[in-house]
Amino acid sequence: MKVSNIALLSLSAAFVIIGTHQTITQGIVASYPIFMLAVVLLFWYKYRQNQRSGKDDDQDNSDLKGKRK
């Protein structure tokens, strides 16, 4: 896993913890943007992970096509 992916996942977890603290102290209205930022980071992490696995699948498929010929 790349450092940037680890950073995205870690930041997302940190924002969930911060958002939980904000919910307890100030309410859900104050913490809503923080939770949304955490969700965006999770989606970005998942997108990057899917892009990477797609490249790996394409390379595997091209290797198989080359071996069949």
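Bear in mind the structure is a predicted one, so any value in this text is a computation, not a measurement.
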A.B. asks: Going by atom type alone, with no hydrogens or angles, which donor-acceptor pairs under 3.5 Å involve a side-chain atom of residues 3-13 and a protein atom two or more places apart or on another chain?
C.D. replies:
unit_1 : atom_1 : unit_2 : atom_2 : d
Ser4   : OG     : Arg48  : NH2    : 2.5
Asn5   : OD1    : Arg48  : NE     : 2.7
Ser10  : OG     : Ile6   : O      : 2.8
Ser12  : OG     : Ala38  : O      : 3.0

A.B. asks: Under 4.5 Å between side-chain heavy atoms, hopping through other hydrophobics if needed: is there a path connecting Ile34 to Val16?
C.D. replies: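 No, it is not one cluster - the side chains of Ile34 and Val16 are not joined through contacts under 4.5 Å.
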A.B. asks: Could you go through residues 23-32 and list every donor-acceptor pair under 3.5 Å that involves a side-chain atom there, pairing it with any protein atom two or more places apart or in another chain?
C.D. replies:
unit_1 : atom_1 : unit_2 : atom_2 : d
Thr23  : OG1    : Gly19  : O      : 2.8
Thr23  : OG1    : Ser31  : OG     : 2.7
Thr25  : OG1    : His21  : O      : 3.0
Thr25  : OG1    : Gln22  : O      : 3.4
Ser31  : OG     : Gly27  : O      : 3.4
Ser31  : OG     : Ile28  : O      : 3.3

A.B. asks: State plainly whether one hydrophobic cluster holds both Phe35 and Leu41, where clusters connect Ile, Leu, Val, Met, Phe, Trp and Tyr through side-chain heavy atoms under 4.5 angstrom apart.
C.D. replies: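 Hydrophobic grouping puts Phe35 apart from Leu41.
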